[in-house]
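Worksheet: one structure, shown below.
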Amino acid sequence: IVAKLVVYGMLKILHKDKATDSDIPLTDWMALAILVRRKTFRSANLILSKPFTNKAYPLPSDVSSTLEYFIMQIPLLCPGFLAVSCVSYEEEEEVVLVNVHAVVGVANRNRVLQLQELHQNIKSFSEVIVAGDFNASTDQPEMDYFRMLGYSDVVQTYKQQEGKKSDGDDENCWNTWDNENRFVKAQNDNEPDAQIDYIFHKGVHYQLKHVKLIFDG
């Protein structure tokens, strides 16, 4: 509680104009960023910067996780999303790019509340690309829910085109949580290998030519 009050006070003083709710004024604790290629888009404007109302962190089960819960997760690590409106040179049409970081845990029944909130904030945009760390495997119910809302996973779209899978035919090549990765090993979370990072599109007219996992660090 003390850490939360200190952080809140510092941010309130330093970032008055960026407050987004009464909890934590910034969402960048999860390292959210959107990089826009200037040769493709003539303009890019931040339109949303918002922490999720429901943080959805699972309750701690031991002393170590209790300390992490109250010192790190609640006051500092704030799942949320950023949205940027971009206008291309050629088409002169708006495409909204969204970067999201959902709550941790391979299975978290409250994560669907975050995806519901995300959809409520971006559903009015006609062309949307949503990318980021959803922390959920493809078979989790919240991912089915998000796809049901009309958001298409570029990996699934690519695999359906002429029966394509990838440069190799291994389904596991799409895993972005890989226990062989040294950074994953360091966390020792014992969670299964899975694709937990995604790029979704909705209403976008660009043609999908190729999809490849180039980095899983």
In the structure I gave you, are the side-chain heavy atoms of Leu118 and Phe52 within less than 4.5 Å of one another anywhere? yes
Which heavy-atom pair separates Phe200 from Asp153 by the least distance, and what is that distance? CD2-N, 3.5 Å
Which residues share a side-chain hydrogen bond (donor to acceptor under 3.5 Å, both in side chains) with Asn110, sequence neighbours left out: none
Where do Gln140 and Phe134 land on the side-chain contact (heavy atoms from CB on, under 4.5 Å) test, with the steps shown first? CA-CA 11 Å; Gln140 291 298 313; Phe134 285 72; over 6 Å; no
Side chain Tyr145, main chain Gln116, donor-acceptor under 3.5 Å: no
The criterion is salt bridge (Lys or Arg N to Asp or Glu O under 4.0 Å); which residues satisfy it with Asp144, sequence neighbours excluded? Arg147
Taking every heavy atom of Tyr198 against every heavy atom of Ala136, the minimum-distance pair comes out as OH-O, 2.7 Å
Got a list of side-chain donor-acceptor pairs under 3.5 Å for residues 121-131, not counting sequence neighbours?
residue: Asn121; atom: ND2; partner: Glu117; partner atom: O; Å: 2.8
residue: Lys123; atom: NZ; partner: Gln120; partner atom: OE1; Å: 3.0

Answer yes if the side chains of Gln195 and Thr138 hold a donor-acceptor pair under 3.5 Å, and no otherwise. no
Mark yes or no for whether Asn99, through its side chain, and Ala33, through its backbone, hold a donor-acceptor pair below 3.5 Å. yes
List the residues meeting side chain to side chain contact (heavy atoms under 4.5 Å, CB included) with Asp139, not counting sequence neighbours, and say none if there are none. Ser137
Quick note, salt bridge (Lys or Arg N to Asp or Glu O under 4.0 Å) partners involving residues 33-44, not counting sequence neighbours, are Arg42-Glu92
Test of understanding: with ring pair (Phe, Tyr, Trp, His ring centres under 6.0 Å), list the residues that count as partners of Tyr151, not counting sequence neighbours. His119, Phe146
Locate the shortest heavy-atom distance separating Val36 from Cys86; write the atom from each residue and the value. CG2-SG, 3.9 Å
Got a sec, which residues hit side-chain hydrogen bond (donor to acceptor under 3.5 Å, both in side chains) with Asn54, two or more places apart in sequence or on another chain? none
Shortest non-hydrogen separation from Met143 to Leu115 and the atoms involved: SD-CD1, 4.4 Å
Could you list all the salt bridge (Lys or Arg N to Asp or Glu O under 4.0 Å) pairs where at least one residue sits in residues 95-116, not counting sequence neighbours? Arg111-Glu142
Group every Ile, Leu, Val, Met, Phe, Trp and Tyr by side-chain heavy-atom contacts under 4.5 Å, then state whether Val87 and Leu46 land in the same group. no
Any chain of hydrophobic side-chain contacts (each under 4.5 Å) joining Met148 to Val112? yes
For a quick test of reading the model, state the closest non-hydrogen atom pair linking Ser152 to Thr157 and the distance between them. CB-OG1, 3.9 Å
Answer yes if Tyr89 and Val95 sit in the same cluster of Ile, Leu, Val, Met, Phe, Trp and Tyr residues linked by side chain heavy atoms under 4.5 Å apart, and no otherwise. no
Looking at every heavy atom in both Val84 and Ala44, which two are closest together, and how far apart are they? CG1-CB, 3.9 Å
side-chain hydrogen bond (donor to acceptor under 3.5 Å, both in side chains) against Thr66, all qualifying residues, sequence neighbours excluded: none
To the closest 0.5 Å, what do you measure between CG (Leu82) and CD1 (Ile34)? 5.5 Å
Quick one: list whatever passes side chain to side chain contact (heavy atoms under 4.5 Å, CB included) with Ala83, sequence neighbours left out. Ile47, Leu48, Val96, Val98
Compare all side-chain heavy atoms of Val154 with those of His201 and state whether any distance is below 4.5 angstrom. yes
Asp197: partners by side-chain hydrogen bond (donor to acceptor under 3.5 Å, both in side chains), with sequence neighbours left out: Thr176
